[in-house]
Structure formats: C-alpha cells, structure tokens
Undergrad: 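To start, I am sharing the structure in question, which I have written as structure tokens.
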Amino acid sequence: QVQLEESGGGLVQAGGSLRLSCAASGRSFSSYGMGWFRQAPGKAREFVATIRGSGSIAYYANSVKGRFTISRDNAKNTVYLQMNSLKSEDTAVYYCAGNSDNLYSVELKDYNYWGQGTQVTVSS
C-alpha cells in the first residue's frame, strides 16, 4: 500500500508561483509512475502532468505546458509540481496520484493511489 499526502497549496495572485509537494509512504517509490490531476468546481477531474519512476520522462497537459514542471526526488519519496505564471483558470483542487505499473499516463483509471488533494486558488 502507498499513501500520498499533498501540501503546498494556497492563495496566490495571477502571475505568481506555487510549488506543490506529494509525499509518499511505502516502499519502491521509484517504481511508481506519478501524476498530478486537478478538479475545478463543477468540472471533471483532469490530467495536469505525469512522470515515470526514474524521472526520465514527463508529459504535460497543453494547458500547463511551459508553465508547470513535474519532478521527483526518489530519495525523499516525493513528487513536486512547480507552477509558474499562474492563471485564474488554474484554480482547482490538485491531486497527486500514483500507479504501480510505472506508467506515465494521462488517464485517471491508470492510477491506483490518490491523495486527498490540496486547494490552489489564483486571484485575478
């Protein structure tokens, strides 16, 4: 079993930055593909970014490409999401997710572990 806990959310002005962290418990973190998803009020949860276990491959949603960066520190069992040039449309609850198949997937169904989420609010 893997437990995930996000932190780092908050209120920021448009154009600002935030860094989200997701700490994982359990073993073999480096063999897990990890992803970030988000859910705005009244909308479906959507893919943001994903990274393979080794950190060698990352993939982003078009809406965040060039502004957000996903990374991981396997020694600390932690994955990060650096968010720059934030926009009001980035406001959402951000969820960390992991899959034991080491997939860097955009699909929610491919992830078998989820955190509780952290709120990000961008004021315009």
Side-chain angles (χ1 to χ4, degrees):
Q1 280 286 359
V2 173
Q3 291 185 322
L4 303 175
E5 183 173 2
E6 303 95 338
S7 61
L11 174 65
V12 63
Q13 289 189 331
S17 298
L18 280 176
R19 188 176 82 155
L20 305 183
S21 299
C22 173
S25 66
R27 294 163 28 173
S28 303
F29 176 72
S30 62
S31 66
Y32 282 73
M34 299 297 296
W36 286 98
F37 291 78
R38 67 186 181 186
Q39 188 166 16
K43 295 189 176 182
R45 193 170 299 190
E46 65 176 8
F47 165 75
V48 175
T50 183
I51 190 168
R52 284 200 70 174
S54 65
S56 59
I57 300 176
Y59 186 76
Y60 299 90
N62 287 336
S63 59
V64 307
K65 199 173 295 182
R67 300 188 298 121
F68 290 12
T69 302
I70 188 171
S71 62
R72 62 192 298 160
D73 185 338
N74 287 338
K76 295 183 178 179
N77 279 18
T78 301
V79 63
Y80 305 97
L81 186 68
Q82 177 67 44
M83 305 186 294
N84 299 329
S85 302
L86 283 160
K87 306 175 182 180
S88 57
E89 51 263 44
D90 295 318
T91 294
V93 177
Y94 283 71
Y95 296 90
C96 173
N99 74 79
S100 52
D101 294 325
N102 199 16
L103 301 174
Y104 58 107
S105 173
V106 306
E107 301 289 342
L108 278 75
K109 64 178 180 62
D110 289 332
Y111 293 85
N112 41 1
Y113 300 104
W114 290 86
Q116 294 300 307
T118 185
Q119 176 71 47
V120 172
T121 303
V122 184
S123 63
S124 57

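Here the structure is a predicted model, which is why all the values come from computation and not from measurement. Quick note: numbers below take in every heavy atom, side chains included, and nothing from hydrogens, waters or symmetry partners.
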Undergrad: What do the steps show when you test Thr91 against Gln119 for side-chain contact (heavy atoms from CB on, under 4.5 Å), and what is the final call?
TA: CA-CA 8 Å; Thr91 294; Gln119 176 71 47; 4.1 Å; yes
Undergrad: With hydrophobic residues grouped by side-chain heavy-atom distances under 4.5 Å, do Tyr104 and Phe37 end up in a single group?
TA: yes
Undergrad: What is the distance from atom SG of Cys96 to atom OH of Tyr111, rounded to the nearest 0.5 Å?
TA: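 One finds 9.5 Å between SG of Cys96 and OH of Tyr111.
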Undergrad: Let me confirm one number: the OH-CG distance from Tyr95 to Leu4, rounded to the nearest 0.5 Å.
TA: 13.0 Å
Undergrad: What closest approach, in Å, do Val2 and Ala24 show between heavy atoms, and which atom pair accounts for it?
TA: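 Heavy atoms only, the tightest pair is CG1-CB, 4.3 Å.
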Undergrad: State whether the side chain of Gln82 and the backbone N or O of Arg19 hold a donor-acceptor pair below 3.5 Å, judged by distance alone.
TA: no
Undergrad: Looking only at heavy atoms, what is the nearest atom pair of Val93 and Gly117, with distance?
TA: CG1-CA, 3.8 Å
Undergrad: What about Leu11 and Leu81, same hydrophobic cluster or not, with Ile/Leu/Val/Met/Phe/Trp/Tyr joined at side-chain heavy-atom distances under 4.5 Å?
TA: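 Hydrophobic grouping puts Leu11 apart from Leu81.
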Undergrad: Could you tell me whether the side chain of Leu86 reaches within less than 4.5 Å of the side chain of Gln13, counting heavy atoms only?
TA: no
Undergrad: Could you check whether atom CD of Glu5 has more than 12 heavy atoms from other residues, nucleotides or ligands sitting under 6.0 Å from it?
TA: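 Check fails, neighbour count at 12 or below.
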Undergrad: Do Val12 and Val48 share a hydrophobic cluster (ILVMFWY, side-chain heavy atoms under 4.5 Å, transitive)?
TA: yes
Undergrad: Examine distances only and state if a side-chain atom of Ser30 and a backbone atom of Ser54 form a donor-acceptor pair shorter than 3.5 Å.
TA: no
Undergrad: For residues Asn102 and Ser31, is any side-chain donor paired with an opposing acceptor at under 3.5 Å?
TA: no
Undergrad: Check for a donor-acceptor pair, side chain of Glu6 on one end and backbone N or O of Gln116 on the other, with a separation under 3.5 Å.
TA: yes
Undergrad: What closest approach, in Å, do Tyr94 and Met83 show between heavy atoms, and which atom pair accounts for it?
TA: CE2-SD, 3.9 Å
Undergrad: If you count every heavy atom of other residues, nucleotides or ligands that lies below 6.0 Å from Gln3 atom CD, does the total exceed 12?
TA: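 Count not over threshold, so no.
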Undergrad: Ignoring hydrogens, what is the shortest heavy-atom contact between Ser71 and Val79? Give both atom names and the distance.
TA: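 Reported closest heavy-atom pair: O-CG2, 3.1 Å.
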Undergrad: Could you grab the distance from atom OG of Ser124 to atom NZ of Lys87, nearest 0.5 Å is fine?
TA: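 If I round to the nearest 0.5 Å, the distance is 13.0 Å.
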Undergrad: Should we count NZ of Lys65 as having more than 12 external heavy atoms under 6.0 Å?
TA: yes
Undergrad: With a distance cut-off below 6.0 Å to the six-membered ring centre and an angular limit of 45° from the axis, does Arg72 pair with Phe29 as a cation-pi contact?
TA: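 Ring-cation test returns yes.
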Undergrad: Within the distance-only criterion (no hydrogens, no angle test), does the side chain of Thr50 pair as donor or acceptor with the backbone N or O of Met34 below 3.5 angstrom?
TA: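 Between the backbone of Met34 and the side chain of Thr50 there is a qualifying donor-acceptor contact (under 3.5 Å).
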Undergrad: What closest approach, in Å, do Phe47 and Ser105 show between heavy atoms, and which atom pair accounts for it?
TA: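 For Phe47 versus Ser105, the nearest heavy atoms are CE1-O, 3.8 Å.
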Undergrad: Is the number of heavy atoms from other residues, nucleotides or ligands within 6.0 Å of OH (Tyr113) greater than 12?
TA: yes
Undergrad: Closest heavy-atom contact between Ser85 and Ser17?
TA: N-OG, 4.3 Å
Undergrad: So Trp36 and Ile51, do their side chains get closer than 4.5 Å, heavy atoms only?
TA: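 SC-SC contact between Ile51 and Trp36 ruled out.
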Undergrad: Can any side-chain N or O of Thr78 pair as donor or acceptor with the backbone N or O of Lys76 at less than 3.5 Å?
TA: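 It does hold such a pair.
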Undergrad: I'd like to know if the side chain of Tyr80 and the backbone of Asp73 have a donor-acceptor N/O pair within less than 3.5 Å.
TA: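 Side chain of Tyr80 to backbone of Asp73: no pair is present.
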Undergrad: Find the distance between CG (Asn99) and CG (Leu108) and round it off to the nearest 0.5 Å.
TA: 11.5 Å
